[in-house]
Peer 1: 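Quick one: structure below, then a few questions.
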Amino acid sequence: SMILPQGVVVSKEAEGLRSFLLGITGSKCFQVFDSVPDFLFDQGKIESNTNTNINQRTAIVTVEKGGGSSLLTSPLIRWRRREERDHLFESLRTVEIGLEDTSLGKIPMLGSEEEVALFREMVGIRPRIGEKIGAGQKSLFLTKAVRYFITALPRSLGRSNSIELAVPEDFFHTVHVILNSNVFYWWWRVVGNGFQLEKGDIECFPLVKLDPHRASMLSQRL
């Protein structure tokens, strides 16, 4: 077992290490921990003269060589200090996935068989949003910083830390609704870094078919 940054399961920079771990014959388990609202390790401040705490998302990676071969993952686990910390390691959830579930180049952070089934269904949908954006006439703006929701707006808020998408008019209402949905937020929790939205998280999301009239109505309400 090793304790590593959370990026081992999703970041592009850790792709080589991730491939190496997945290629080992044996059982692999990835348990992933957020740093909000509490930290896995409560080290306190980085330095004595700063108010900044050590805010590292972590993954406990366990490999058992030989014997059976399985791949276990967990959701991005969150807990509260007082109410839940003492019971955290008694109630960790993992679920078995297949090597084919890493087709996006990430180890999805899933917590139940139902989530695995939903993830597989969505990965199989074509086209993906990334195939339909980039040369459109209308823009959507998404702030990279994420807490408990993701917002896509048809106008800029003037923030430098944001993503601008060029969306064709034919797909604008659908993409606008999808990116504001709780399903897309769930997707980001499964394949994202738990901290900031990245353009790749959007591009790999399926362009789910929505009724055009309903999509237009919801887009106008948003």
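As a basis for the values below, the full set of heavy atoms in this structure was taken, side chains included, without hydrogen atoms, waters or symmetry mates. This structure is a prediction, so every number in the text was calculated from the model and none was measured.
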Peer 1: Around atom CD of Gln137, are there more than 12 heavy atoms of other residues, nucleotides or ligands at under 6.0 Å?
Peer 2: yes
Peer 1: Do Ile163 and Leu153 belong together in a cluster built from hydrophobic side chains that touch within less than 4.5 Å?
Peer 2: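 The answer is no; the residues belong to distinct hydrophobic clusters.
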Peer 1: Quick one: do Leu40 and Leu88 satisfy side chain to side chain contact (heavy atoms under 4.5 Å, CB included)? Show the steps, please.
Peer 2: CA-CA 10 Å; Leu40 182 58; Leu88 177 63; 4.3 Å; yes
Peer 1: With rounding to the nearest 0.5 Å, note down the distance linking CG in Leu142 to CD1 in Ile202.
Peer 2: 4.5 Å
Peer 1: Do Lys28 and Val61 make a side-chain contact, defined as non-hydrogen atoms from C-beta onward lying under 4.5 Å apart?
Peer 2: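 No, every pair of side-chain atoms sits at 4.5 Å or beyond.
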Peer 1: Which heavy-atom pair separates Ala215 from Leu210 by the least distance, and what is that distance?
Peer 2: CB-CB, 4.2 Å
Peer 1: Going only through I, L, V, M, F, W and Y residues with side-chain contacts under 4.5 Å, is there a path from Ile77 to Trp188?
Peer 2: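 No, Ile77 and Trp188 fall in different hydrophobic clusters.
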Peer 1: Is the shortest side-chain heavy-atom distance between Asn180 and Thr151 below 4.5 Å?
Peer 2: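 Yes - at least one pair of side-chain heavy atoms lies under 4.5 Å apart.
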Peer 1: Is a side-chain donor or acceptor of Arg159 paired with a backbone partner of Thr143 at a separation under 3.5 angstrom?
Peer 2: no
Peer 1: Is it the case that over 12 heavy atoms from other parts of the model lie below 6.0 angstrom from the CZ atom of Phe89?
Peer 2: yes
Peer 1: Got a sec: does the CD of Glu100 have more than 12 other heavy atoms crowding it under 6.0 Å?
Peer 2: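 Yes, the 6.0 Å shell around CD holds more than 12 heavy atoms from other groups.
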Peer 1: Could you check whether any side-chain N or O of Ser216 sits under 3.5 Å from a backbone N or O of His213, counting only pairs where one atom can act as donor and the other as acceptor?
Peer 2: no
Peer 1: Determine, step by step, whether Val95 and Ser112 satisfy the side chain to side chain contact (heavy atoms under 4.5 Å, CB included) criterion, reporting the C-alpha distance in whole Å, the side-chain angles of both residues, the deciding distance to 0.1 Å, and the verdict.
Peer 2: CA-CA 6 Å; Val95 64; Ser112 67; 5.8 Å; no
Peer 1: How close do Val36 and Arg78 get, counting heavy atoms only, and between which atoms?
Peer 2: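 Looks like O-CG, 3.0 Å.
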Peer 1: Can you name the nearest heavy-atom pair linking Lys132 to Leu207, along with the distance?
Peer 2: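 It is CG-CD2, 3.7 Å.
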Peer 1: Would you give the length of the straight line joining atom OG1 of Thr25 to atom CD of Glu64, rounded to the nearest 0.5 angstrom?
Peer 2: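 Thr25 atom OG1 to Glu64 atom CD measures 14.0 Å (nearest 0.5 Å).
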Peer 1: Measuring from Leu165:CG to Glu203:CD, what's the distance to the nearest 0.5 Å?
Peer 2: 8.0 Å
Peer 1: Membership question, hydrophobic clusters at under 4.5 Å side-chain separation (ILVMFWY): are Leu72 and Ile107 in the same one?
Peer 2: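 Each belongs to a different hydrophobic cluster.
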Peer 1: Find the distance between CG (Leu21) and CZ (Phe30) and round it off to the nearest 0.5 Å.
Peer 2: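 The distance works out to 5.0 Å.
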Peer 1: Determine whether a donor-acceptor pair (N or O, by modelled atom type, separation under 3.5 Å) exists between the side chain of His173 and the backbone of Pro212.
Peer 2: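 No; judged by distance alone, with no hydrogens or angles, the pair does not exist.
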Peer 1: Given Val183 and Met122, is the side chain to side chain contact (heavy atoms under 4.5 Å, CB included) satisfied, shown in steps?
Peer 2: CA-CA 10 Å; Val183 181; Met122 297 187 76; 3.7 Å; yes
Peer 1: Do Ser156 and Glu164 come close enough that some side-chain heavy atom pair is under 4.5 Å?
Peer 2: no
Peer 1: Would you say the ring centroid of Phe184 lies under 6.0 angstrom from that of Trp187?
Peer 2: no
Peer 1: What heavy-atom pair brings Pro37 and Arg80 nearest, and what distance separates the two atoms?
Peer 2: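 Minimum heavy-atom separation between Pro37 and Arg80: CG-CG, 4.0 Å.
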Peer 1: Return yes if some donor-acceptor pair links the side-chain N/O of Arg128 with the main-chain N/O of Val123 below 3.5 Å, else return no.
Peer 2: yes
Peer 1: Heavy-atom distance under 4.5 Å between the side chains of Phe141 and Leu157, does that happen here?
Peer 2: no
Peer 1: Check whether Arg18 reaches the backbone of Val8 with its side chain - one donor and one acceptor, N or O, closer than 3.5 Å.
Peer 2: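 Here the side-chain-to-backbone pair exists.
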Peer 1: Can a donor-acceptor pair be found, under 3.5 Å and without considering hydrogens, that links the side chain of Arg189 to the backbone of Leu76?
Peer 2: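 Yes, the answer is positive, given that a donor and an acceptor are paired below the 3.5 Å cut-off.
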Peer 1: Does CD in Glu131 sit with more than 12 non-hydrogen atoms of other residues, nucleotides or ligands closer than 6.0 Å?
Peer 2: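 Yes, CD of Glu131 has more than 12 neighbouring heavy atoms, counting only those of other groups under 6.0 Å.
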Peer 1: Can you tell me how far the CD1 atom of Ile178 sits from the OG atom of Ser219, to the nearest 0.5 Å?
Peer 2: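 Going from CD1 on Ile178 over to OG on Ser219, the span is 11.5 Å.
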Peer 1: Measuring from Met2:CE to Thr58:OG1, what's the distance to the nearest 0.5 Å?
Peer 2: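 Taking CE in Met2 and OG1 in Thr58, the distance rounds to 13.0 Å.
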Peer 1: Keeping the roles fixed (side chain from Thr73, backbone from Pro108), state whether a donor-acceptor pair exists under 3.5 Å.
Peer 2: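 Indeed, once roles are kept as given, a pair shorter than 3.5 Å links the two residues.
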Peer 1: Determine whether Met109 and Gln6 make a side-chain contact, defined as any pair of heavy atoms from C-beta on separated by less than 4.5 Å.
Peer 2: yes
Peer 1: For residues Thr102 and Leu99, report the shortest heavy-atom separation together with the two atoms involved.
Peer 2: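 Thr102 and Leu99 have their closest heavy atoms at OG1-O, 2.6 Å.
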Peer 1: Is there a side-chain contact between Phe205 and Val191 in this structure, where contact means two heavy atoms from C-beta onward sitting under 4.5 Å apart?
Peer 2: no
Peer 1: Is any side-chain heavy atom of Val10 closer than 4.5 Å to a side-chain heavy atom of Val32?
Peer 2: no
Peer 1: Near Arg221 CZ, under 6.0 Å, is it more than 12 heavy atoms from other residues, nucleotides or ligands?
Peer 2: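 No - once you tally the heavy atoms of other residues, nucleotides and ligands closer than 6.0 Å, there are 12 at most.
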Peer 1: What about Phe33 and Leu110, same hydrophobic cluster or not, with Ile/Leu/Val/Met/Phe/Trp/Tyr joined at side-chain heavy-atom distances under 4.5 Å?
Peer 2: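 They do not share one cluster, since no chain of ILVMFWY contacts under 4.5 Å joins Phe33 to Leu110.
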Peer 1: Would you confirm whether Ser27, through its side chain, and Gly68, through its main-chain N or O, come within 3.5 Å as a donor-acceptor pair?
Peer 2: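 Such a contact is found between Ser27 side chain and Gly68 backbone.
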Peer 1: Write down the atom of Glu198, the atom of Asn193, and the distance for their closest heavy-atom approach.
Peer 2: OE2-ND2, 3.3 Å
Peer 1: For the CZ atom on Phe195, are there more than 12 heavy atoms of other groups (residues, nucleotides or ligands in this structure) within a distance under 6.0 Å?
Peer 2: no
Peer 1: Would you say Ile129 and Phe171 make side-chain contact, with heavy atoms under 4.5 Å?
Peer 2: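 Ile129 vs Phe171: side chains apart.
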Peer 1: Determine, stepwise, if the pair Gln56 / Ile3 fulfils side chain to side chain contact (heavy atoms under 4.5 Å, CB included).
Peer 2: CA-CA 11 Å; Gln56 176 65 61; Ile3 301 166; over 6 Å; no
Peer 1: Treat each ILVMFWY residue as a node, draw an edge where side-chain heavy atoms are under 4.5 Å apart, and state whether Val63 and Ile60 are in one component.
Peer 2: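 Result: no, two separate clusters.
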Peer 1: Side chains of Glu96 and Ser70: donor-acceptor distance under 3.5 Å anywhere?
Peer 2: no
Peer 1: Report yes or no: does Arg93 contribute a side-chain atom to a donor-acceptor pair with the main-chain N or O of Pro75 at less than 3.5 Å?
Peer 2: no
